[in-house]
Amino acid sequence: MSVFKRIYQVVQEIPKGRVASYSWIARKVGIRDVRLVGWALHRNPNPQTIPCHRVVKKDGSLASGYAFGGPEKQKILLLKEGVRFKNNRVKEEYFL
DNA sequence: CCGTTGACCAGGC
DNA sequence: GGCCTGGCCAACG
């Protein structure tokens, strides 16, 4: 099993209404280079099954991605799931 | 095959 | 506090 696929599995394990940071996923997968996580999501082979909008930066701010239509779109999706923001950042209590 | 490049992060200056 | 660096994995040209 490649590191790549394990990243997607971890992302899919994120429950609705919670978020995970890139570094959290990297630790879970067992790699030190967190860029791989971001890079894997950038590839995003099947957006249908991968909730990439639940992945945010360590400080709670949104990543500048485009696979979900931009940070604005991502914020809307998270708000719909009940994730609250504070000063344009996800609150600590929503992290896994 | 090899250099470059990332949806990032922590540590050192 | 901000800027620089290393991290070391996979895809792309």
Side-chain angles (χ1 to χ4, degrees):
Chain A
M1 185 69 104
S2 65
V3 172
F4 208 64
K5 292 191 174 175
R6 286 214 308 252
I7 292 174
Y8 296 132
Q9 287 189 345
V10 173
V11 172
Q12 287 175 51
E13 282 174 12
I14 304 172
K16 185 179 178 181
R18 312 300 302 275
V19 296
S21 66
Y22 291 89
S23 59
W24 187 90
I25 295 169
R27 262 207 324 275
K28 195 83 175 164
V29 172
I31 56 179
R32 295 171 287 282
D33 194 349
V34 295
R35 290 180 299 173
L36 263 264
V37 179
W39 195 75
L41 292 180
H42 183 211
R43 270 270 328 204
N44 207 349
N46 49 350
Q48 320 260 333
T49 59
I50 303 173
C52 40
H53 57 279
R54 306 211 189 121
V55 184
V56 299
K57 293 194 195 177
K58 194 92 193 279
D59 60 1
S61 62
L62 303 179
S64 32
Y66 33 88
F68 35 72
E72 294 296 322
K73 199 80 174 180
Q74 183 180 10
K75 188 177 177 182
I76 302 293
L77 287 171
L78 289 174
L79 284 172
K80 278 189 173 182
E81 294 186 351
V83 176
R84 300 261 207 92
F85 282 72
K86 180 177 184 180
N87 195 12
N88 219 24
R89 288 160 196 262
V90 177
K91 291 173 128 187
E92 279 291 331
E93 60 246 48
Y94 291 100
F95 280 78
L96 291 174

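Below, read A as the first sequence line, B as the second, and so on, with proteins coming before strands; counting in each chain starts at 1.
Not a single ring pair (Phe, Tyr, Trp, His ring centres under 6.0 Å) links Tyr94(A) to another residue, sequence neighbours left out. For Glu81(A), the salt bridge (charged side-chain N to carboxylate O under 4.0 Å, His left out) criterion is met by Arg54(A), not counting sequence neighbours. Checked against side chain to side chain donor-acceptor pair (under 3.5 Å), Asp59(A) has the following partners two or more places apart in sequence or in another chain: Ser61(A), Arg89(A). Remark: Gln12(A) pairs with Tyr8(A), Thr49(A), Ile50(A), Pro51(A) by the side chain to side chain contact (heavy atoms under 4.5 Å, CB included) rule, at least two apart or across chains. Looking at residues two or more places apart in sequence or on another chain, you find a side chain to side chain contact (heavy atoms under 4.5 Å, CB included) between Lys28(A) and Val10(A), Trp24(A).
Counting only heavy atoms from C-beta outward, the side chains of Pro15(A) and Leu96(A) approach each other to under 4.5 Å.
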Sort me out a list of protein N/O and nucleotides 10-13 of chain C N/O pairs below 3.5 Å, or just none if empty.
none

What's touching nucleotides 3-7 of chain C from the protein side, N or O pairs under 3.5 Å?
| unit_1 | atom_1 | unit_2 | atom_2 | d |
| --- | --- | --- | --- | --- |
| dG7(C) | O6 | Arg35(A) | NE | 3.4 |
| dG7(C) | O6 | Arg35(A) | NH1 | 3.2 |
| dG7(C) | N1 | Arg35(A) | NE | 3.4 |

N/O contacts under 3.5 Å, protein versus nucleotides 10-13 of chain B?
| unit_1 | atom_1 | unit_2 | atom_2 | d |
| --- | --- | --- | --- | --- |
| dA10(B) | OP1 | Lys58(A) | NZ | 2.8 |

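For dA7(B) and dG13(C), the P atoms lie 15 Å apart once the distance is rounded to whole Å.
Val34(A) forms part of no hydrophobic cluster, judged by ILVMFWY side-chain heavy-atom separations under 4.5 Å. Other cluster members for Leu77(A): none, since no ILVMFWY side-chain heavy atom sits under 4.5 Å from it.
The stretch residues 72-87 of chain A has no heavy atom under 4.0 Å from DNA chain B, so no residue of it qualifies as close.
To the nearest 0.5 Å, atom OH of residue Tyr22(A) and atom NZ of residue Lys58(A) are 14.0 Å apart.
In DNA chain C, the stems built from three or more successive Watson-Crick or G-U pairs (distances below 3.5 Å) are B:2-6 with C:9-13, B:8-13 with C:2-7.
Summarising the local packing, CD of Glu93(A) is surrounded by more than 12 heavy atoms from other residues, nucleotides or ligands at distances under 6.0 Å.
At least one donor-acceptor pair under 3.5 Å links the side chain of Gln74(A) to the backbone N or O of Val55(A).
Both Ile14(A) and Leu36(A) belong to a single network of hydrophobic side chains, linked directly or stepwise wherever heavy atoms of I, L, V, M, F, W or Y lie under 4.5 Å apart.
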